[in-house]
Amino acid sequence: EPSSLAGLPAGVGEALEAEGVAELYPPQEAAVEAGVADGESLVAAVPTASGKTLIAELAMLSSIERGGKALYIVPLRALASEKKAEFERWEEFGVTVGVSTGNYDSDGEWLASRDVIVATSEKVDSLIRNGAPWIDDLTCVVSDEVHLVDDSHRGPTLEVTLAKLRKVNPGLQTVALSATVGNADVIADWLDAELVESDWRPIELRTGVHFGNAINFDDGSQREVPVERGADQTAKLVADALDTEEDGQGGSSLVFVNSRRNAESSARKLGEVTAPRLTGDERDRLRDLAEEIRGVSDTDTSEDLADAVEQGSAFHHAGLASEHRSLIEDAFRDRLIKCVSATPTLAAGVNTPARRVIVRDWRRYDGEFGGMKPLDVLEVHQMCGRAGRPGLDPYGEAVLLANDADTQEELFDRYVWAEAEPVRSKLAAEPALRTHVLATVASGFAATREGLLSFLDNTLYAAQTDDEGRLAAVTDTVLDYLEVNGFVERDRDGGSEGLAATGIGHTVSRLYLDPMSAAEILDGLRTVVDGAGATPDAEGGDFVPADDAAADGEDAGFTTYTRTGDEAGDADGDTGEAESGDPNTGPAVTPLGLYHLVSRTPDTYELYLKSGDREEYTEVCYERETEFLGDVPSEYEDVRFEDWLAALKTARLLEDWANEVDEDRIAERYGVGPGDIRGKVDTAEWLLRAAETLAGDVEGIDGDVVVQVREARKRLEYGVREELLDLAGVRNVGRKRARRLYEAGIESRADLREADKAVVLGALRGRERTAERILENAGREDPSLDGVDPDRSASAAAT
Ligand code: ADP
């Protein structure tokens with residue numbers, strides 16, 4: 001047992017040894033010397049797969065052994081459960097682990113009893129806003145992939161959250177794990193932390209460029225892989241890795257491409273390389289896996305993925321259902337799938353090493369830029385870092401592709417020899433500060449303008465800026481905005497300007513809404529009673545205090561996304577004539593109007609308008625004009641109108657979902673994957689729930705509107721028309737089964753309790769176990785189907 005492991009719970013040293021940790025890796029050793037196991041703050045900037053997690057575990061376990069409590073902040077929700085599962089192996093030594101993500105309504109008190117809590121930065125931010133009591137008890141916080149503070153959408157949240165945690169708890173040990181970036185020292189300065197910076201890797205990595213007949217590596221070596229003119233470079237490289245046996249096995253490859261569509265077509269093509277190299281046993285296991293994949297969902301994506309997997313090849317991107325993703329990741333780690341074609345999302349965090357990484361596309365379409373843009377060095381380095389599986393491969397190889405000598409040279413300069421970019425804080429931007437200034441004031445971190453600026457002085461932005469006035473200037477702009485919309489009150493009488501959140505300001509902060517989303521939603525809902533566009537409360541003086549309805553922050557169930565360049569596929573939306581929403585009684589509020597309202601807030605990522613979309617949605621805009629809440633911008637206001645139409649496209653997707661349109665049709669119509677449909681629906685549900693709370697909290701919004709908002713949300717939740725809401729609420733029923741039951745004359749939960757069992761069974765296509773479970777969930781006293789005649793059920797359903 002390494003002596004450096006003193007201070008950990010008894011037995012942990014032996015357990016690590018049993019896992020194959022005979023000694024600490026050099027960066028881990030350096031971290032221990034810097035005091036990571038004695039409560040010292042630390043920034044560890046080391047390459048992918050060189051054992052950062054263990055550094056974090058040393059910090060957390062020793063902190064807990066001293067009677068403390070640790071928080072581990074992950075950048076992606078998908079990683080939260082992975083990390084939790086990893087840390088659960090310490091439960092045997094008395095360390096308890098809990099996870100808190102947007103997915104679960106985890107109980108605050110339950111988390112309070114855990115030693116380690118895993119959460120995304122957005123979730124932690126929300127927990128702080130909602131006053132989770134255990135935040136004060138933290139002794140150690142770990143920030144995984146801290147270099148993502150550079151991300152303009154999510155970075156500011158991480159930055160402000162770390163600043164808040166450190167403010168609440170002055171002695172807090174902060175451990176930040178980073179990829180190798182250009183300015184890790186600045187991060188360490190910001191966090192008052194020791195710095196461990198290293199290029200050390202547990203397994204040799206060669207990076208090179210393939211051009212013509214060979215890969216040229218950075219160490220000067222070459223590997224011959226002849227590719228005739230016009231032949232597929234990637235296919236040859238994948239074949240070459242598979243045909244080179246080490247340890248009795250060929251090497252797997254991970255191919256990075258720039259769009260989902262390319263990932264799918266690449267996987268299909270590379271199946272021709274992998275299939276002939278499979279053993280009979282592998283083929284059988286892959287067939288089983290393909291069946292499992294088809295069972296996850298009934299979509300084209302599912303089918304395409306299963307087809308590729310049967311050939312030993314797979315694709316991986318953010319449009320996949322999460323079950324699909326983990327099936328693929330596991331089978332790739334088990335070496336059953338030989339090649340994965342992925343978008344860069346896989347490079348971030350998910351532990352899926354391969355012997356050979358092929359960076360096929362080093363440019364990708366960037367919507368804001370309006371063309372193809374080279375990837376960041378950091379991103380390419382992280383992809384390359386996935387090469388080489390310690391203990392399995394003798395070395396890892398990362399290969400970029402060039403088809404002429406100039407490109408080869410450019411790739412060497414741009415990526416192989418280059419250092420990763422420095423990270424830069426993106427905090428001093430209005431959208432970021434809008435939400436964080438409100439939350440900082442609402443949760444009591446600042447009561448004056450000066451206090452606010454001095455709080456913001458604890459951020460990375462302040463640590464690295466040379467333009468000191470900028471943060472204050474943007475903060476003032478944001479304060480004006482928050483005041484005009486009635487979210488904060490300012491008292492300019494005293495010596496220093498006083499700041500306080502209004503009741504509705506508190507609600508907005510706790511709901512985790514962008515204040516601009518809240519303002520848009522409130523304006524839209526007010527038009528229902530006040531007629532087109534009129535918003536009498538422009539000064540916002542009329543708010544009543546928030547009640548406890550919003551205090552339950554866990555209920556917010558917000559979702560977070562990273563926008564990847566991925567969304568820029570080029571599928572053209574098939575038109576299709578979805579019917580308009582059901583006419584409602586009372587004020588003219590329709591689901592489409594509400595879906596559009598929430599889709600145009602900054603909390604929803606818009607779908608891109610593709611060629612032909614502008615005409616199509618302009619037409620829809622005129623046809624359905626009466627349904628929109630608020631003014632429709634004029635066609636001549638180019639940018640605003642485009643945004644409006646993009647929101648309309650999203651709203652139509654949601655309407656299709658609530659009208660029971662098949663997932664596949666939707667995916668095709670809007671050029672998105674099933675994972676995206678889920679994502680849009682989740683976001684809209686969350687925003688409608690927030691709208692319900694807001695509407696109840698302010699005066700001047702019609703009570704009927706709240707009812708309609710709720711119904712529109714419920715229809716999204718189940719993906720059904722109004723008449724199925726009751727049935728679809730029964731567990732295990734779902735939208736398709738609900739429709740079939742309804743058509744068989746079973747229209748409600750109560751009907752399920754009374755209905756002829758043979759009819760139920762028939763509507764459920766003779767699936768007895770499913771039928772019994774559903775009857776039980778509907779509250780039927782005797783759900784057993786024993787003695788029900790299956791033949792009779794078929795004829796009962798036919799009639
Ligand atoms: P990172 O977080 O830096 O990308 P990980 O922490 O996931 O890397 O570590 C990669 C792999 O190395 C894991 O499988 C881990 O169990 C293993 N590992 C970490 N430290 C050691 C060690 N000292 N000895 C042997 N294996 C180790």
Side-chain angles (χ1 to χ4, degrees), residues 1-5 8 12-33 36-37 42-61 70 72-76 78-90 116 118 142-148 175-181 184 187 195-205 252 254 329-330 332-335 344-355 357 378-396 398 420:
E1 172 175 346
S3 63
S4 41
L5 298 183
L8 301 184
V12 165
E14 287 86 344
L16 281 173
E17 223 163 319
E19 280 172 22
V21 179
E23 53 186 326
L24 293 180
Y25 287 158
Q28 295 165 342
E29 196 68 60
V32 170
E33 272 162 36
V36 80
L42 180 84
V43 172
V46 295
T48 314
S50 24
K52 288 194 284 288
T53 311
L54 182 54
I55 294 179
E57 288 174 317
L58 294 177
M60 297 194 296
L61 292 174
Y72 191 100
I73 303 179
V74 288
L76 296 171
L79 286 176
S81 23
E82 193 174 287
K83 285 295 171 194
K84 176 182 173 256
E86 211 175 326
F87 299 150
E88 266 168 353
R89 70 194 200 282
W90 304 122
V116 179
V118 183
V142 178
S143 172
D144 195 359
E145 312 259 345
V146 75
H147 53 269
L148 293 174
V175 176
L177 310 178
S178 172
T180 39
V181 294
I187 303 180
L195 174 63
V196 168
E197 201 171 9
S198 164
D199 285 332
W200 184 87
R201 286 178 45 100
I203 178 166
E204 187 195 342
L205 174 66
S252 57
L254 190 51
E329 288 159 19
D330 291 346
F332 190 58
R333 273 193 289 260
D334 291 348
R335 304 198 197 189
T345 45
L346 188 69
V350 187
N351 187 20
T352 48
R355 184 186 308 159
V357 164
L378 179 58
E379 211 172 344
V380 171
H381 283 186
Q382 285 200 288
M383 294 176 192
C384 294
R386 294 281 156 213
R389 298 162 302 172
L392 292 177
D393 297 319
Y395 53 83

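Numbering of ligands and ligand atoms starts at 1, following listing order. Below, all heavy atoms of this structure are taken into account, side chains as well, without hydrogens, waters or symmetry copies.
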**Asked** Mind checking whether G51 has an N or O less than 3.5 Å away from an N or O of ligand 1?
**Response** yes

**Asked** Any idea which atoms of ligand 1 are less than 4.0 Å away from a heavy-atom of S50?
**Response** 3 (O), 8 (O)

**Fill in**
Distance col, row W90:CH2 vs L8:CG, nearest 0.5 angstrom, shows 8.0 Å

**Positive for side chain to side chain contact (heavy atoms under 4.5 Å, CB included) with V32, one of L58, L42, V196** = L58

**Request:** With heavy atoms of G20 as the reference, note each atom of ligand 1 found under 4.0 Å away.
**Result:** 24 (N), 25 (C)

**Message:** Heavy atoms only, cut-off 4.0 Å: how does E23 contact ligand 1, side chain, backbone, both, or neither?
**Reply:** backbone

**Sub-4.5 Å side-chain heavy-atom contact between K83 and T53** = yes

**Prompt:** Got F332 and L254 here, is their nearest side-chain heavy-atom distance under 4.5 Å?
**Reply:** yes

**Request:** Report the distance from atom OH of Y72 to atom CG of L177, rounding to the nearest 0.5 Å.
**Result:** 5.0 Å

**Fill in**
Among T53, T48, V21, the residue with a heavy atom nearest to atom 5 (P) of ligand 1 is T53

